[in-house]
Amino acid sequence: MRPLDETETTVVFEKLFKFVGNNLKKIVENPSDEGPESTPGSYCFRLQKNRVYYVSEALVKRATNISRKNLVSLGTCIGKYTHAGSFHLTIMSLNILAANAKHKVWLKPTSEMSFLYGNHVLKGGLGRITDSIVPGDGVVVFSMSDVPLGFGIAAKSTQDCRKLDPNGIVVLHQADIGEYLRDEDEL
Amino acid sequence: MAALTRNKKNRTNSQTPPLNKRTKSSPMKKAAKSQKPPLKKQRRCIPEEKPVIATDEEEEEEIEQSLQGDEGSESGSDFFSDGDGEDVNDDGDADDLLDGSDDEEGTLDSDSDESDIEIKSRAIDKKRKKEEQDAKDEFTMNIKEQPDEFQLPTKKELEAEALGAPDLPNLQIRIREIVRVLSNFKDLRPDGAKRTDYVDQLKADLCSYYGYNEFLIGTLIEMFSVVELMELIEAFEKKRPTSIRTNTLKTRRRDLADVLLNRGVNLDPLSKWSKVGLIVYDSQVPIGATPEYLAGFYMLQSASSFLPVMALAPQEKERVVDMAAAPGGKTTYVAALMKNTGIIYANEMKVPRLKSLCANLHRMGVTNTIVCNYDGRELSKVLGQNSVDRVLLDAPCSGTGVISKDESVKTSKSADDINKFAHLQKQLILSAIDLVDANSKTGGYIVYSTCSIMIPENEAVIDYALKKRDVKVVPCGLDFGQPGFSSFREQRFHPSVEKTRRFYPHVHNMDGFFVAKLKKMSNAMQPTETDKPAETMRQAQVSSSDDDEEAEAIEELKKPSVANGQPKRESNTKEYKKRQKFPRSKETHKGKRNTSIKSESGSGTVEEPRKQKKKRSQWKNEIAQAREEKRNAMRENAKERPKHRK
């Protein structure tokens with residue numbers, strides 16, 4: 001387990017910025033109640049076996065005496081590096097993203113299951129959408145009852161969405177909570 | 001001949017029971033004979049005795065008819081003639097009557113002189129008599145089969161049974177009968193019968209009827225009364241209801257229940273002892289795949305798994321270790337109770353199970369956890385001794401409490417397996433105790449739980465921990481369970497083992513489970529209430545026969561009276577001598593340990609024996625007091641009963 005170096009940090013922050021925008025500051029400086037001391041510490045990122053974890057400092061301190069071979073996971077895993085060297089956010093980061101998301105999309109109940117199977121979001125399944133979405137933005141997908149379902153990349157801007165026919169793709173699927181059942185091994 | 005063939009055909013049409021052997025129409029030919037039995041069986045509606053007699057008479061008549069004989073017809077022509085005979089119906093009636101009227105002895109020709117009506121009436125009378133006789137026989141036969149005095153099957157019968165496939169209804173009846181007799185053995189047993197015979201027969205029947213191996217049935221019979229045993233085994237055959245646990249980090253039970261009801265799930269709150277549990281009766285959608293499940297609002301968890309975490313009661317901002325965490329149901333519950341504060345170390349030894357543990361932790365939104373992959377016995381070296389506040393040890397076990405989930409346990413567990421598990425569990429519990437900091441402000445607790453009902457894995461492990469470390473059993477707060485055994489057969493455990501709790505499927509409708517809560521009194525490696533010599537004595541005797549343990553206990557009860565009244569060195573030597581008696585009776589390896597005792601006691605100072613004797617006598621007094629209280633309670637009960645009778 002080691003802290004991220006410069007390049008890695010920039011890559012991770014860029015990805016997060018797409019989804020949370022200026023709330024990135026909040027994420028980094030979030031006071032944490034973890035750890036036995038009464039004063040809250042802060043969170044930080046750590047790299048372990050090609051996975052990036054978002055943990056509070058107190059936890060990091062305690063985890064140092066666990067050897068690298070035997071340490072499996074710390075706090076929350078937010079993503080992993082592929083062999084090629086690019087960074088992808090995984091579904092396990094959903095909690096952090098959802099709390100701080102800038103662009104949101106709400107799905108109708110009928111198309112929830114379709115998204116959970118890994119399909120893209122179509123215009124026909126769209127319930128609500130936040131304004132000022134630019135193509136290429138990160139979007140967090142919710143159900144009508146505000147349950148976060150996953151996230152993806154916006155394919156069209158908000159205005160274009162209104163003109164689209166019902167089968168047009170609005171959000172390109174990146175990750176959804178159905179993966180906990182489908183792709184357990186990949187996590 | 002033609003008449004005979006016609007009779008055969010007519011007989012198939014008529015409804016008269018085949019009381020006579022004349023059913024064979026064609027004389028003697030084997031082809032015809034082969035046709036007979038199927039016909040007869042079709043019409044047969046009475047006990048099997050008749051056919052036996054009937055076929056005998058068939059043969060008689062066959063011979064008769066063959067003597068009377070046809071004119072050298074072959075089997076081929078017989079078929080032909082049969083066919084001819086069957087075409088002609090008219091002449092059949094008279095012949096029918098003739099045949100119907102014949103009894104076992106009758107012959108063809110003699111009746112032809114009498115009138116038709118008389119023949120008919122005779123036939124009807126005889127039929128009626130036969131039916132009455134059969135009915136009476138059945139009645140008496142039935143009564144004989146279920147007498148008040150149940151007889152065990154003889155060896156011959158058992159051998160005959162063993163040859164064929166097990167006769168399940170028969171077995172079930174016999175099992176019930178034996179249970180009935182054993183439940184009130186004094187009154188219901190037939191003279192000269194021994195209890196062990198009945199018990200052995202019951203064991204064998206239960207093994208073959210329910211599919212258990214002998215070891216498991218043997219231990220269960222020792223643990224439970226016969227009636228309770230049947231209830232337990234029946235409960236193991238059925239599945240416990242599915243239950244789920246609300247994730248309080250993300251939602252509340254009421255809200256979750258509403259959402260799931262909308263999805264078409266039929267559910268109820270689990271029980272009054274849990275505020276987060278829900279029991280699912282049935283559902284239209286798969287309960288493990290709803291969007292709420294995937295979003296981490298609840299966890300599929302059996303009710304018995306709530307118990308150790310409730311007993312542990314972790315507080316916020318504590319450091320907690322879960323030594324066998326996968327698949328993560330209990331770990332996530334701990335995190336929910338701690339509200340994501342503090343630190344949880346979730347350890348799991350088997351690599352394939354780590355994935356599901358991580359996935360569950362992330363799904364439920366737990367952020368304060370470190371997952372590591374160690375053998376539980378090494379954890380105290382890795383994390384440091386005396387470093388955490390609470391430890392949860394849900395030890396790997398034989399799984400005899402969850403037979404309803406996994407039937408293979410019935411046949412695959414043997415005494416060796418249980419001993420191996422017990423050994424591993426003892427090591428794990430010591431490691432767990434070493435992890436905990438006794439001086440922690442809020443904690444210092446260890447919860448040990450297994451999903452097994454076997455005593456060597458439960459009470460024996462707790463007793464071992466009590467002897468080896470400075471810990472105390474405390475009430476776990478689960479009052480609705482059954483208390484643990486403080487003595488079983490020849491084993492005697494510390495009386496505080498009664499504060500542990502056992503749960504059974506037939507009593508509590510959850511999987512068989514055992515929970516014990518220990519408090520660490522101090523960080524010393526030795527238990528303070530017993531002195532070193534006595535402790536090493538006990539160490540030597542841990543693997544000894546249980547008779548020796550009893551003898552030692554009795555000896556030590558005597559010791560306080562001896563020790564107090566005399567100077568320490570003298571009493572030391574007396575104990576030394578008593579101890580010397582033991583090595584002689586034991587095996588060589590125990591003798592080696594006792595030599596170490598001798599050296600220790602020889603070099604001990606004057607003051608230590610005094611304190612140690614006092615503490616030992618205190619501990620022994622505790623046990624003696626507990627036993628006396630029990631005896632007094634028994635006496636009071638005994639007094640009350642005669643008073644009531646009077």
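Because the structure is a prediction, the values reported are computed rather than measured. Naming: A, B, ... by sequence-line order, numbering from 1 per chain.
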Please look at B:L354 and chain A and tell me whether the side chain, the backbone, both or neither of the residue comes under 4.5 angstrom of a heavy atom of that chain.
side chain

Rounded to the nearest 0.5 Å, what's the gap from CD on B:E348 to CG on A:N70? Could you check?
12.5 Å

Where is the tightest heavy-atom contact between B:L294 and A:G178, given as atom of each residue plus distance?
CD1-CA, 3.8 Å

To check you understand the geometry: which heavy-atom pair defines the closest contact between B:F297 and A:V147, and what is its length?
CZ-CG2, 3.8 Å

About how many Å separate OG of A:S73 and CG of B:N373, when rounded to the nearest 0.5 Å?
12.0 Å

Cut-off 4.5 Å, heavy atoms of chain B, and the answer for A:N95 is side chain

Among A:V72, A:L74, A:I66, A:L71, whose side-chain contact (heavy atoms from CB on, under 4.5 Å) with B:V371 holds?
A:V72

Note: A:M113 and B:P291 closest approach over all heavy atoms is SD-CG, 4.1 Å

So for B:A289, is it side chain, backbone, both, or neither that comes closer than 4.5 Å to the heavy atoms of chain A?
both

Contact origin within B:K250 toward chain A - heavy atom pairs under 4.5 Å
side chain

Considering only heavy atoms, which portion of A:L116 lies under 4.5 Å from any heavy atom of chain B: side chain, backbone, both, or neither?
side chain

Enclosure of B:R263 CZ (heavy-atom neighbours >12, cutoff 6.0 Å):
yes

Please check if the number of heavy atoms outside A:Y117 that lie under 6.0 Å from its OH is greater than 12.
no

With a 4.5 angstrom heavy-atom cut-off, which part of A:S93 approaches chain B: side chain, backbone, both or neither?
neither

So, the part of B:V351 with a heavy atom under 4.5 Å from chain A: the answer is neither

For the NZ atom on A:K49, are there more than 12 heavy atoms of other groups (residues, nucleotides or ligands in this structure) within a distance under 6.0 Å?
yes

To the nearest 0.5 Å, tell me how far B:I344 CD1 sits from A:R62 CZ.
14.0 Å

A:C77, A:S145, A:G150, A:P148: which one forms the most heavy-atom pairs within less than 4.5 Å of chain B?
A:C77

Chain B shares the most heavy-atom pairs under 4.5 Å, among A:L94, A:L149, A:N65, A:D176, with A:N65

